[in-house]
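Below, chain A is the first sequence line, B the second, and so on; all start at residue 1.
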Amino acid sequence: MPELPEVEVTRRGVAPHIEGQTVTEVVLRRSGLRWPFPLELSSHLSGQIIRGTGRRGKYLLIHFDHGTLIVHLGMSGNLRILPLATIPKKHDHFDLVVGQQLMRMNDARRFGAVLWHPTGDGPLAEHVLLAKLGLEPLEDIFSGEILYQQTRNRSAPIKQVLLAGDIVVGVGNIYACESLFEAGINPKTAAHRIGKVRYSKLAGAIRDILGRAIEKGGSTLRDFVGADGRSGYFQQSYFVYDRAGEPCRVCGLLIEQIKQGQRSTFYCKSCQK
DNA sequence: AGCTTCTCCTGCGAGC
DNA sequence: TGCTCGCAGGAGAAGC
């Protein structure tokens with residue numbers, strides 16, 4: 001499941017192949033994913049030059065002079081750069097043909113999205129899907145102090161506040177569990193009951209874990225395929241995620257699995273208070 | 001406003 | 001072998 005590191009690795013993977021290139025064709029093999037594909041996408045993009053790429057949270061951004069293509073990989077999506085005329089496989093839904101290659105999106109579970117934001121609609125940051133996103137965890141402004149300030153009115157468990165994405169973006173289920181372990185915080189703790197010192201540890205843990213994952217080239221998850229077609233899945237060893245009933249790598253106590261908001265949470269009762 | 005639950009979808013593994 | 005069932009999850013939508 002792509003979390004922030006996988007999206008960033010994907011962006012870095014496709015960028016050198018598409019930036020500065022002219023789009024010659026757009027191929028849509030179904031009417032949409034999570035939402036319908038934009039009408040007239042092909043006429044919007046054909047003949048236009050890709051000026052650059054970016055990322056906001058887990059949204060991948062492809063910039064043109066007259067607008068931005070917003071791509072979300074959902075939880076099973078990936079982008080790959082392939083030779084022209086590569087036969088599409090099951091769940092290959094969308095191609096952007098650029099020069100002698102194509103950028104192809106595959107998304108089995110179809111939770112992904114492709115949207116178009118015309119420059120004339122105002123600043124991209126004000127797009128309805130981007131406007132309420134929290135801070136980028138890898139930017140300098142993200143800190144324990146900010147986490148502390150932003151959680152004073154949040155009584156929900158810290159794990160769910162992290163996943164909500166309105167304070168900090170890009171932290172999905174795996175990295176939320178791992179970050180809370182590294183910071184020694186019980187995932188059930190009400191966010192407003194955590195102090196500055198512990199938030200400082202948490203901010204550092206999030207930054208370290210996401211940064212390391214990007215360096216490694218993405219996640220370890222089954223669905224992710226790197227932009228060059230090799231698996232982006234590194235069997236990194238998690239401390240808690242998906243380790244229910246196995247011994248904690250620090251203290252040896254067995255890792256617990258609970259449900260929070262219909263999502264599995266893994267943690268060590270002894271190391272996380 | 002914030003919290004919780006529901007929902008979309010397919011692939012996979014367990015159990016029979 | 002083939003079936004059914006439960007689970008996985010990002011995040012918007014809806015109800016409170």
Side-chain angles (χ1 to χ4, degrees), chain A residues 1-11 29-37 55-61 70-79 88-94 105-115 117 126-137 147 149-179 187-194 206 210 213 218-225 231-233 238 240-245 255 257-266:
Chain A
M1 303 83 216
E3 297 192 25
L4 185 150
E6 291 75 30
V7 178
E8 180 61 20
V9 168
T10 296
R11 187 193 68 75
R29 297 192 184 79
R30 57 180 306 115
S31 60
L33 296 171
R34 178 168 190 168
W35 297 291
F37 289 130
R55 180 186 56 75
R56 180 70 177 99
K58 296 173 190 168
Y59 292 93
L60 185 65
L61 309 172
I70 302 172
V71 178
H72 197 292
L73 299 177
M75 63 157 284
S76 57
N78 64 70
L79 296 178
K89 295 182 179 164
K90 194 175 183 184
H91 307 307
D92 282 342
H93 307 305
F94 167 76
M105 180 181 191
N106 180 286
D107 183 10
R109 269 158 270 190
R110 305 212 299 267
F111 285 7
V114 176
L115 299 167
H117 176 80
E126 292 173 17
H127 186 280
V128 61
L129 293 178
L130 307 182
K132 291 180 180 164
L133 295 181
L135 295 174
E136 287 291 331
L147 281 180
Q149 287 170 13
Q150 299 282 305
T151 50
R152 291 310 84 198
N153 60 342
R154 304 292 288 266
S155 59
I158 180 61
K159 159 87 178 319
Q160 287 170 264
V161 169
L162 288 177
L163 289 182
D166 56 338
I167 296 179
V168 58
V169 295
V171 184
N173 205 36
I174 297 172
Y175 297 128
C177 291
E178 293 295 305
S179 301
K188 292 187 283 191
T189 311
H192 64 181
R193 296 182 57 180
I194 297 172
I206 290 170
L210 295 184
S219 109
T220 58
L221 273 194
R222 25 187 104 89
D223 297 332
F224 179 70
V225 177
S231 174
Y233 157 10
Y238 294 130
V240 290
Y241 183 78
D242 206 22
R243 297 196 63 240
I255 299 299
Q257 177 173 3
I258 59 173
K259 285 282 184 192
Q260 293 182 286
Q262 351 285 109
R263 292 288 175 264
S264 288
T265 295
F266 302 87

Expected string for nucleotides 3-8 of chain B under the B/S/- scheme (protein heavy atoms, under 4.0 Å, primed atoms plus P, OP1, OP2 as sugar-phosphate) is SSSS-B
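Residue L129(A) is in sugar-phosphate contact alone, with no base atom involved, counting any heavy-atom pair closer than 4.0 Å across all strands shown. Within 4.0 Å (heavy atoms only), Q257(A) reaches sugar-phosphate atoms of the nucleic acid but no base atom. K132(A) comes within 4.0 angstrom of no nucleic acid atom, judged by non-hydrogen atoms across all strands.
End-to-end axis angle of the helix from dG2(B)-dC16(C) to dC16(B)-dG2(C), using five pairs per end and rounding to 10°, comes to 40°.
In this structure, the side-chain hydrogen bond (donor to acceptor under 3.5 Å, both in side chains) partners of T265(A), at least two apart in sequence or on a different chain, are K159(A), Q260(A). Looking at residues two or more places apart in sequence or on another chain, you find a ring pair (Phe, Tyr, Trp, His ring centres under 6.0 Å) between H127(A) and H117(A). Under the rule for a side chain to side chain contact (heavy atoms under 4.5 Å, CB included), the partners of N106(A) that lie at least two apart in sequence or sit in another chain are N78(A), H91(A), D92(A). Y59(A) meets the ring pair (Phe, Tyr, Trp, His ring centres under 6.0 Å) test with H72(A); sequence neighbours excluded. With sequence neighbours left out, T189(A) forms a side-chain hydrogen bond (donor to acceptor under 3.5 Å, both in side chains) with no residue at all. Residues passing the side chain to side chain contact (heavy atoms under 4.5 Å, CB included) test with R55(A) are L4(A), V7(A), E8(A), R11(A), E136(A), sequence neighbours excluded. Every residue meeting the side chain to side chain contact (heavy atoms under 4.5 Å, CB included) condition with S264(A), not counting sequence neighbours, appears here in chain and number order: Q257(A), K259(A), F266(A).
A straight line from CG of L133(A) to C1' of dG12(C) spans 12 Å, rounded to a whole angstrom. In this structure, L73(A) atom CG and dA11(C) atom P are separated by 10 Å, rounded to whole Å. The nearest whole Å value for the distance from the CG atom in L33(A) to the C1' atom in dG10(C) is 14 Å.
At distances below 3.5 Å, at least one donor-acceptor pair connects side-chain atoms of H93(A) with backbone N or O atoms of D107(A).
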